[in-house]
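Structure, as structure tokens:
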Number of protein chains: 2
Amino acid sequence: MNGHSKGPHLDPVYVCGHKDPMAVRELLTRVGDKWSIFLILSLAKLPGCRARFSDIERAIPGISQRMLTMTLRHLERDGLVTRELFPEVPPRVEYELTSLGRSLLEPMQGLVDWVTTNWEQVKEARAQFDGKQGSNIVDATTAGA
Amino acid sequence: MNGHSKGPHLDPVYVCGHKDPMAVRELLTRVGDKWSIFLILSLAKLPGCRARFSDIERAIPGISQRMLTMTLRHLERDGLVTRELFPEVPPRVEYELTSLGRSLLEPMQGLVDWVTTNWEQVKEARAQFDGKQGSNIVDATTAGA
DNA sequence: AAAATACAAGAAGGCACTTTCACATCAGTT
DNA sequence: AACTGATGTGAAAGTGCCTTCTTGTATTTT
């Protein structure tokens with residue numbers, strides 16, 4: 001219907017006969033980088049889903065000014081946050097989740113819940129898998145009694 | 001409680017006073033790579049959430065054998081898919097979403113729905129943002145009548 | 001006058017993720 | 001005897017994200 005042409009080096013192919021996987025991957029690419037989810041969930045917890053630059057910086061240990069700036073720009077570009085500059089000195093800038101950004105919180109919460117419920121299982125699966133790799137080389141194929 | 005030591009270079013810090021953002025980011029790191037979501041959603045659509053290697057390969061245009069193998073290994077390691085090798089010649093291998101993997105489909109569907117509903121808005125926001133950058137240099141600050 | 005503030009952009013480098021290409025298996029087919 | 005099929009591994013190269021460091025502003029404080 002609408003010829004969507006942009007997107008980060010994604011072939012305009014409808015995978016599996018649907019366009020959903022393509023678009024979902026774009027979303028995951030957008031939100032799955034190192035810092036975006038921290039920004040989104042941090043803003044979500046603050047009153048009015050709003051905070052200034054330095055507040056977010058403090059809320060996310062380890063983030064650099066550069067990455068905070070860049071991540072906020074990306075989210076702003078995608079319409080998920082707004083940026084409001086108050087021309088004071090020193091400057092004050094407030095970021096806020098847009099309604100679009102807040103609408104993303106619901107499905108995000110679904111992921112949060114899934115992780116809360118199931119992450120332990122994932123870690124166990126990893127431990128078991130890694131254990132098998134290192135020590136138990138002998139398997140049914142080679143273990144002909 | 002349990003000293004989890006592995007994980008992709010993540011500081012053991014509880015961000016925002018919760019551990020959720022950390023774990024969610026781990027999940028997004030896991031599932032947010034270039035191909036994982038295609039694999040998961042492809043398997044989800046197939047009968048029994050099960051398919052062989054070459055079927056998945058055909059279902060995902062552009063994926064290389066190497067990336068398909070590696071992505072499947074990662075998902076297997078995390079307990080999201082199982083791998084069953086039939087020692088035939090030529091070999092046959094079937095992959096299937098585990099119950100853990102299938103439980104992830106529900107929150108994933110939440111993302112799919114959000115994208116279906118809102119992605120157009122994201123694209124519009126991007127277009128508008130990119131437009132402002134290029135041409136409309138003059139803003140309220142410099143435009144003192 | 002020098003320092004601190006709050007925010008942000010630029011350059012340079014490292015590292016991780018991806019891609020591409022080649023190679024290996026082993027029975028059945030030509 | 002060479003080829004094909006189905007799955008997978010290894011090496012090498014490319015690409016882009018992320019980190020770190022530096023520079024900048026204009027006012028208030030010391």
Side-chain angles (χ1 to χ4, degrees), chain A residues 7-11 25-26 28-39 50-77 81-96 133 137 139 141-142, chain B residues 6-11 13 25-26 28-39 50-77 81-96 129 133 137 139 141-142 144:
Chain A
H9 49 72
L10 289 175
D11 305 330
R25 183 163 105 66
E26 287 193 70
L28 288 179
T29 300
R30 170 80 287 286
V31 150
D33 63 2
K34 183 159 184 182
W35 299 109
S36 287
I37 192 64
F38 288 154
L39 284 192
R50 187 177 180 92
R52 14 187 335 183
F53 185 89
S54 47
D55 293 330
I56 307 175
E57 191 180 9
R58 269 185 292 275
I60 304 177
I63 195 171
S64 63
Q65 283 190 348
R66 174 142 182 90
M67 285 314 293
L68 180 53
T69 300
M70 293 188 68
T71 307
L72 284 166
R73 282 294 172 287
H74 290 320
L75 295 175
E76 185 192 0
R77 183 171 106 99
V81 307
T82 56
R83 182 186 122 107
E84 187 174 5
L85 166 65
F86 298 84
E88 309 169 357
V89 170
R92 176 164 59 101
V93 180
E94 292 188 3
Y95 292 92
E96 182 177 337
Q133 295 303 86
I137 314 282
D139 62 354
T141 310
T142 61
Chain B
K6 293 207 60 169
H9 48 71
L10 288 175
D11 304 329
V13 179
R25 184 165 106 65
E26 286 194 70
L28 289 179
T29 299
R30 170 82 287 285
V31 149
D33 63 2
K34 184 160 183 181
W35 299 108
S36 286
I37 192 64
F38 288 154
L39 285 192
R50 188 178 181 90
R52 26 190 320 188
F53 186 89
S54 48
D55 292 330
I56 307 175
E57 190 179 9
R58 270 186 292 276
I60 305 176
I63 195 171
S64 64
Q65 284 187 350
R66 177 151 181 84
M67 285 313 293
L68 180 53
T69 299
M70 294 187 67
T71 307
L72 283 167
R73 282 294 172 289
H74 290 321
L75 294 175
E76 185 193 0
R77 182 170 107 98
V81 307
T82 56
R83 181 188 123 105
E84 187 173 5
L85 165 65
F86 297 85
E88 308 168 356
V89 171
R92 175 163 60 99
V93 180
E94 293 188 3
Y95 292 92
E96 181 176 337
F129 186 91
Q133 295 304 84
I137 315 282
D139 62 356
T141 308
T142 61

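Just so we're on the same page: letters track the sequence lines, and every chain starts at 1.
Of all non-hydrogen atoms in G32(B) and L28(A), the two that sit nearest each other are CA-CB, 4.2 Å.
The side-chain contact (heavy atoms from CB on, under 4.5 Å) search around R92(A) returns R52(A), F86(A), E88(A), E94(A), not counting sequence neighbours. E96(A) is linked by a side chain to side chain donor-acceptor pair (under 3.5 Å) to R50(A), counting only residues two or more places apart in sequence or in another chain.
Separation of atoms OG1 (T29(B)) and NZ (K34(A)) is listed at 9.0 Å; rounding is to 0.5 Å. Taking CZ of F38(B) as the start and CZ of R25(A) as the end, the distance is 5.0 Å to the nearest 0.5 Å. Between D33(A) atom CG and L39(A) atom CG the span is 8.5 Å, to the nearest 0.5 Å.
The stretch residues 87-95 of chain B touches DNA chain C through V89(B), each having a heavy atom within less than 4.0 Å of the strand.
Across the protein-nucleic acid pair, E84(A) atom CD and dC7(C) atom C1' stand 15 Å apart, rounded to whole Å. In this structure, CG of L68(B) is placed 16 Å from C1' of dC17(C), rounded to the nearest angstrom. Taking atom CG on D55(B) and atom C1' on dA6(D), their separation rounds to 11 Å, with Å as the unit. Rounded to whole angstrom, the span from the NE2 atom of H74(B) across to the P atom of dT9(D) amounts to 11 Å. Rounded to whole angstrom, the span from the CD atom of E57(B) across to the C1' atom of dG5(D) amounts to 12 Å. Rounded to an integer number of Å, the gap from F86(A) CZ to dT27(D) P is 19 Å. With rounding to whole Å, D33(B) atom CG is found 12 Å from dA16(C) atom C1'.
Listed pair S54(A) / dC7(C) meets the phosphate criterion, a side-chain N or O lying under 4.0 Å from OP1 or OP2.
Projected onto DNA chain D by closest heavy-atom contact, R52(B) and R73(B) fall at different nucleotides, the more 5' of which corresponds to R52(B).
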Interface polar pairs with nucleotides 19-23 of chain D, N/O, under 3.5 angstrom:
unit_1, atom_1, unit_2, atom_2, d
dT19(D), OP1, K34(A), NZ, 2.6
dT19(D), OP2, W35(A), NE1, 2.9

Let me check something: any side-chain donor-acceptor pairs from residues 58-74 of chain A under 3.5 Å, sequence neighbours excluded? List them with distances.
unit_1, atom_1, unit_2, atom_2, d
R58(A), NH2, D55(A), OD1, 3.1
S64(A), OG, M67(A), N, 3.2
T69(A), OG1, Q65(A), O, 2.9
T71(A), OG1, M67(A), O, 2.6
R73(A), NH1, Y95(A), OH, 3.4

